S.K.: 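This is the structure I want to talk about, given as structure tokens.
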Amino acid sequence: MDNIGGAAEERPPAEETPPRDGRGKGGRLMTYRELRRMIEPVYGKDEARAVTDYVLEVYFGLSRADVMCGAVEEMTAVHEAELLRIFARLLDGEPVQYILGRAEFGPRWFNVRPGVLIPRPETEELCALIVAENKDKAPLKVLDIGTGSGCIAVTLALDMPQSSVTAWDIAPEALDTATENARRLGANITVERRDALHLEAQGETWDVIVSNPPYICNNEKKTMERNVLDHEPHSALFVPDDQPLLFYTAITRYAARTLSPDGTLYFELNPLYADQTADMARQTGFTDITIKEDMYGKRRIGKLRIKSREIKN
């Protein structure tokens with residue numbers, strides 16, 4: 001799990017792996033260390049510590065200092081039952097964000113649920129770039145294609161309040177979640193059901209189009225974590241092996257017809273196909289193409305503009 005820190009690793013005592021029911025010897029509630037060790041077989045030592053800290057802080061409001069002072073062992077019966085329920089689901093590999101019903105994205109928390117992709121730190125970088133390059137411009141019309149939880153659309157609406165933001169998705173779960181997050185966070189966005197693979201220009205014009213579309217090929221599954229494969233929506237993650245640019249091509253063609261003269265198309269990219277995506281965009285008429293690395297040094301962000309309005313099919 002990304003961006004979840006914790007204290008320095010403690011050396012566990014030489015004892016049996018704690019039972020799955022969250023109870024220690026004599027039926028008492030487990031200590032922090034015992035809880036953490038219970039999920040180590042699933043997450044490994046470092047991530048087990050991070051996940052445990054995350055649950056205690058986000059769901060129960062317990063700081064590291066609280067934990068060190070024995071707050072886990074002093075929980076009420078109601079909180080104890082909730083804690084055990086959460087850890088049982090963690091043992092089954094369910095993402096902690098789905099269990100808690102929310103995920104951190106930049107300075108905000110977004111509601112998430114099964115069927116909706118969990119926001120990633122790389123996408124925060126994409127939003128930060130868009131805001132940095134556009135926040136001081138005149139009111140802009142912004143489109144987020146494949147909005148999922150609405151994390152991109154809501155972030156841009158709140159960080160560029162002079163702009164009007166529209167969010168499209170095809171999945172009912174995503175449309176409901178994006179609408180819910182916009183309402184809860186006070187973002188004024190328009191959420192609409194549209195299919196990214198069948199977009200027709202109908203006279204609309206956008207100043208910014210952004211998309212984090214499905215881009216992982218099926219043959220990449222062998223390198224992925226089981227909790228992602230078993231729980232996150234495959235329709236938001238994967239494309240056929242023989243069509244790695246399936247969504248990029250459809251969205252780029254639509255953008256070429258609907259971007260304003262000074263408009264920009266931003267993508268989150270599959271680093272394995274960054275060059276192919278750039279070549280496809282050039283063939284579509286984009287002439288100003290920049291690929292940026294993310295925090296992990298991967299070629300993750302694409303920025304595309306058209307200097308000439310000659311559009312190719």
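A quick note: this is a predicted structure, and the numbers were derived from the prediction, not measured.
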S.K.: Taking side chain to side chain contact (heavy atoms under 4.5 Å, CB included) as the definition, give me every residue that meets it alongside Lys135, ordered by chain and number, with sequence neighbours left out.
M.R.: Val131, Met160
S.K.: Show which side-chain atoms of residues 239-248 pair as donor or acceptor with protein atoms under 3.5 Å away, not counting sequence neighbours.
M.R.:
residue : atom : partner : partner atom : Å
Asp241  : OD1  : Asn218  : N            : 2.8
Asp241  : OD1  : Asn219  : N            : 2.8
Tyr248  : OH   : Glu268  : O            : 2.7
Tyr248  : OH   : Asn270  : N            : 3.2

S.K.: Could you tell me whether the side chain of Leu237 reaches within less than 4.5 Å of the side chain of Val228, counting heavy atoms only?
M.R.: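 A side-chain contact exists here, since the closest heavy-atom pair is under 4.5 Å.
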S.K.: Could you give the distance from CG (Leu265) to CD1 (Ile306), rounded to the nearest 0.5 Å?
M.R.: 8.5 Å
S.K.: Do Glu125 and Tyr296 meet the criterion of a side-chain donor-acceptor pair at a distance under 3.5 Å?
M.R.: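 No, no side-chain donor-acceptor contact under 3.5 Å.
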S.K.: Less than 4.5 Å apart, side chain to side chain, heavy atoms only: is that true for Asp262 and Arg305?
M.R.: yes
S.K.: Do Tyr32 and Asp53 come within less than 4.5 Å of each other through their side chains, counting heavy atoms only?
M.R.: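 A side-chain contact exists here, since the closest heavy-atom pair is under 4.5 Å.
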S.K.: Nearest 0.5 Å, what's the CD-CZ distance between Glu200 and Arg194?
M.R.: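 Between atom CD of Glu200 and atom CZ of Arg194 there are 8.5 Å.
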S.K.: Taking the side chain as C-beta and beyond, is there a heavy-atom pair between Arg64 and Met68 under 4.5 Å?
M.R.: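 SC-SC contact between Arg64 and Met68 confirmed.
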S.K.: Just so I know, are the side chains of Leu269 and Arg299 near enough to count as touching, which here means a heavy-atom distance under 4.5 Å?
M.R.: no
S.K.: Under a 4.0 Å N-O cut-off, is there an ion pair linking Arg85 with Glu82?
M.R.: yes
S.K.: Show me, pair by pair, the donor-acceptor contacts under 3.5 angstrom made by side chains of residues 169-179, not counting sequence neighbours?
M.R.:
residue : atom : partner : partner atom : Å
Asp169  : OD1  : Ala171  : N            : 3.0
Asp169  : OD2  : Thr147  : N            : 3.2
Asp169  : OD2  : Gly148  : N            : 2.9
Thr177  : OG1  : Arg113  : NE           : 3.1
Thr177  : OG1  : Glu173  : O            : 2.7
Thr179  : OG1  : Leu175  : O            : 2.8

S.K.: Could you list all the salt bridge (Lys or Arg N to Asp or Glu O under 4.0 Å) pairs where at least one residue sits in residues 146-161, not counting sequence neighbours?
M.R.: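 Matches after skipping sequence neighbours: Arg108-Asp159.
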S.K.: To the nearest 0.5 angstrom, please state how far the OG1 atom of Thr166 sits from the CD1 atom of Ile209.
M.R.: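 Separation between the atoms: 10.5 Å.
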S.K.: Which other residues end up in the same hydrophobic cluster as Tyr98, if Ile, Leu, Val, Met, Phe, Trp and Tyr are linked when side-chain heavy atoms come under 4.5 Å apart?
M.R.: Val112, Ile118
S.K.: Just verifying a value: how many Å separate Ser149 OG and Phe105 CZ, rounded to the nearest 0.5 Å?
M.R.: 7.5 Å
S.K.: Less than 4.0 angstrom from a charged side-chain N to a carboxylate O is my criterion; do Arg226 and Asp230 meet it?
M.R.: yes
S.K.: Can you tell whether the side chains of Lys141 and Glu204 come within less than 4.0 Å, N to carboxylate O?
M.R.: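 Not counted as a salt bridge, because no side-chain N and carboxylate O are separated by less than 4.0 Å.
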S.K.: Can you sort out the partners of Glu232 under salt bridge (charged side-chain N to carboxylate O under 4.0 Å, His left out), two or more places apart, ordered by chain and number?
M.R.: Arg120
S.K.: Taking only Lys NZ, Arg NE, NH1 and NH2, and the carboxylate oxygens of Asp or Glu, determine whether Arg89 and Asp92 approach each other closer than 4.0 Å.
M.R.: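 Salt bridge absent between Arg89 and Asp92.
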